[in-house]
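Inspection log for the structure reproduced underneath, given as structure tokens.
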Amino acid sequence: MPKFAVIVFPGTNCDFETAEAIKKAGGKAERVWYKESLKDFDGVVLPGGFSYADYLRAGAISARAEIMEEVKELAKDGKPVLGICNGFQILTEAKLLSGALRPNKIPRFLCRWVYLRVADTETAFTGFYKEGEVIRMPIAHAEGNYYTNDLSKVRIVFQYSDENGNINEEANPNGSILNIAGISNEKGNVLGMMPHPERASDRWLGSEDGLRVFKSMVEYAKR
């Protein structure tokens, strides 16, 4: 059974529910303090929260922690690395993913459910989805406005849409370029996404659509 590290920085606040979602998906999960080692793990998740209180920029300090060098090595070895919300911000700050997360177009914290269209099913995290499928997850961020000046380096995985899968300005909660909600690296083993799949991993939470992110990750790690 694959074992995943859920990295905890000062200010991380989604680590427990992320670990539970991994377990529900059939994997093992261990919360790992950022000063510990990632030895013997099959993958890594950087969960949501406000690491270092978003000081300087969201994710800027965490991205420079020593443990991120181990994360980079795991990514280089092809192991799955998932960054959720603040974790996505950390991955861009660490240059594991291209682009940046800017303050929302309307500068305020957003916390609500959104629809997403699945754009890429060939990553380590989307094997249980169908291309073009519309799914539902919550967002909770103030700096989720994804931007890049080189779209050729971006592999779009999720896009904000309406419930019918239409990609338009009205469905874009934060101003992200091309309604981008999640991207991966070229190999597809590193994913950053602003919506919270762990908060959509049980029907009692309002949706189980996010659980398939973790199921896909577990199956990928088994291979």
Side-chain angles (χ1 to χ4, degrees), residues 4-19 31-38 41 43-76 79-111 125 138-151 153-158 160 172-178 180-187 189-199:
F4 298 89
V6 179
I7 299 179
V8 182
F9 294 101
T12 297
N13 63 14
C14 298
D15 44 312
F16 285 99
E17 53 264 59
T18 300
R31 295 168 57 253
V32 177
W33 186 237
Y34 76 107
K35 292 187 177 181
E36 298 174 8
S37 172
L38 296 179
F41 284 100
V44 174
V45 180
L46 303 169
F50 302 91
S51 61
Y52 292 96
D54 288 346
Y55 187 64
L56 300 180
R57 293 182 308 277
I61 297 177
S62 297
R64 289 153 180 81
E66 187 174 339
I67 197 171
M68 290 304 297
E69 295 305 314
E70 292 188 73
V71 174
K72 290 176 182 178
E73 286 301 313
L74 289 174
K76 185 178 179 180
K79 294 186 178 181
V81 175
L82 171 62
I84 302 168
C85 197
N86 187 226
F88 186 6
Q89 295 160 343
I90 293 170
L91 290 178
T92 57
E93 286 282 344
K95 306 304 180 186
L96 275 161
L97 292 173
S98 63
L101 281 308
R102 307 186 298 184
N104 297 339
K105 185 176 181 180
I106 298 175
R108 64 170 182 247
F109 184 81
L110 295 173
C111 184
F125 310 91
I139 56 171
H141 58 251
E143 296 178 43
N145 181 355
Y146 179 78
Y147 179 78
T148 178
N149 58 9
D150 189 357
L151 285 167
K153 296 180 179 179
V154 176
R155 185 171 173 179
I156 302 173
V157 179
F158 298 111
Y160 299 109
N172 190 336
N174 51 37
S176 290
I177 187 171
L178 297 182
I180 289 173
I183 63 169
S184 77
N185 63 339
E186 185 177 353
K187 289 169 61 176
N189 69 305
V190 179
L191 173 71
M193 58 187 299
M194 288 311 296
H196 285 263
E198 80 283 2
R199 298 181 186 177

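Values in this document were obtained by computation on a predicted structure and should not be read as measured data.
- The distance from the CE atom of Met193 to the OG atom of Ser184 is 12.0 Å, given to the nearest 0.5 Å.
- When the side chain to side chain contact (heavy atoms under 4.5 Å, CB included) test is applied to Leu74, the partners found at least two apart in sequence or on another chain are Leu38, Val44, Lys79.
- The backbone N or O of Cys14 lies less than 3.5 Å from no partner atom in the side chain of Glu198, so there is not a single donor-acceptor pair.
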Show which side-chain atoms of residues 95-106 pair as donor or acceptor with protein atoms under 3.5 Å away, not counting sequence neighbours.
unit_1	atom_1	unit_2	atom_2	d
Asn104	OD1	Gly144	N	3.0
Asn104	ND2	Arg108	O	2.9
Asn104	ND2	His141	O	3.0
Asn104	ND2	Ala142	O	3.4

Checklist line | Steps toward side-chain contact (heavy atoms from CB on, under 4.5 Å) verdict (Ile183, Lys153) | finding: CA-CA 10 Å; Ile183 63 169; Lys153 296 180 179 179; over 6 Å; no
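- Remark: the backbone N or O of Val81 is not paired with any side-chain donor or acceptor of Asn189 at under 3.5 angstrom.
- Counting heavy atoms of neighbouring residues, nucleotides and ligands inside a 6.0 Å radius, atom NZ of Lys76 does not exceed 12 of them.
- Put simply, OH on Tyr146 and CD1 on Ile177 are 8.0 Å apart, with the number rounded to the nearest 0.5 Å.
- Separation of atoms CE (Met194) and CG (Asn145) is listed at 10.0 Å; rounding is to 0.5 Å.
- For residues 45-54, the set of pairs meeting the salt bridge (Lys or Arg N to Asp or Glu O under 4.0 Å) definition, not counting sequence neighbours, is empty.
- Without hydrogens or angle criteria, Arg155 side chain to Glu186 main chain gives a donor-acceptor distance under 3.5 Å.
- Here Phe88 contributes atom CZ and Glu143 contributes atom CD; the two are 13.0 Å apart, rounded to the nearest 0.5 Å.
- In this structure Tyr55 satisfies the side chain to side chain contact (heavy atoms under 4.5 Å, CB included) test together with Ile61, sequence neighbours excluded.
- Contact record, Gln89 with Asn86: OE1-ND2, 2.9 Å, taken as the closest heavy-atom pair.
- Rounding to the nearest 0.5 angstrom, the gap separating the OG1 atom in Thr18 from the CD1 atom in Ile7 is 12.0 Å.
- Nearest approach of Cys85 to Gly48, heavy atoms of both residues: CB-CA, 4.3 Å.
- Taking each heavy atom of Ala58 and Glu93 in turn, the nearest pair found is O-CG, 3.8 Å.
- The side-chain heavy atoms of Phe125 and Leu82, taken from C-beta on, include a pair separated by under 4.5 Å.
- Looking at heavy atoms from C-beta onward, Ile90 lies in side-chain contact with Ser51 at the 4.5 angstrom threshold.
- Distance OG1/Thr12 to OH/Tyr34: 10.5 Å, rounded to 0.5 Å.
- Closest approach of Arg31 to Ala19, counting heavy atoms only: CG-CB, 4.5 Å.
- Remark: Glu36 pairs with Val32, Trp33 by the side chain to side chain contact (heavy atoms under 4.5 Å, CB included) rule, at least two apart or across chains.
- Applying the side chain to side chain contact (heavy atoms under 4.5 Å, CB included) criterion to Asn149, with sequence neighbours excluded, gives Tyr147.
- Heavy atoms only, all atoms of each residue included: Ser62 and Met68 are closest at O-CG, 3.3 Å.
- Residue Ala75 comes nearest to Val190 through the heavy atom pair CB-CG2, 3.7 Å, listed as atom of the first residue, atom of the second, then distance.
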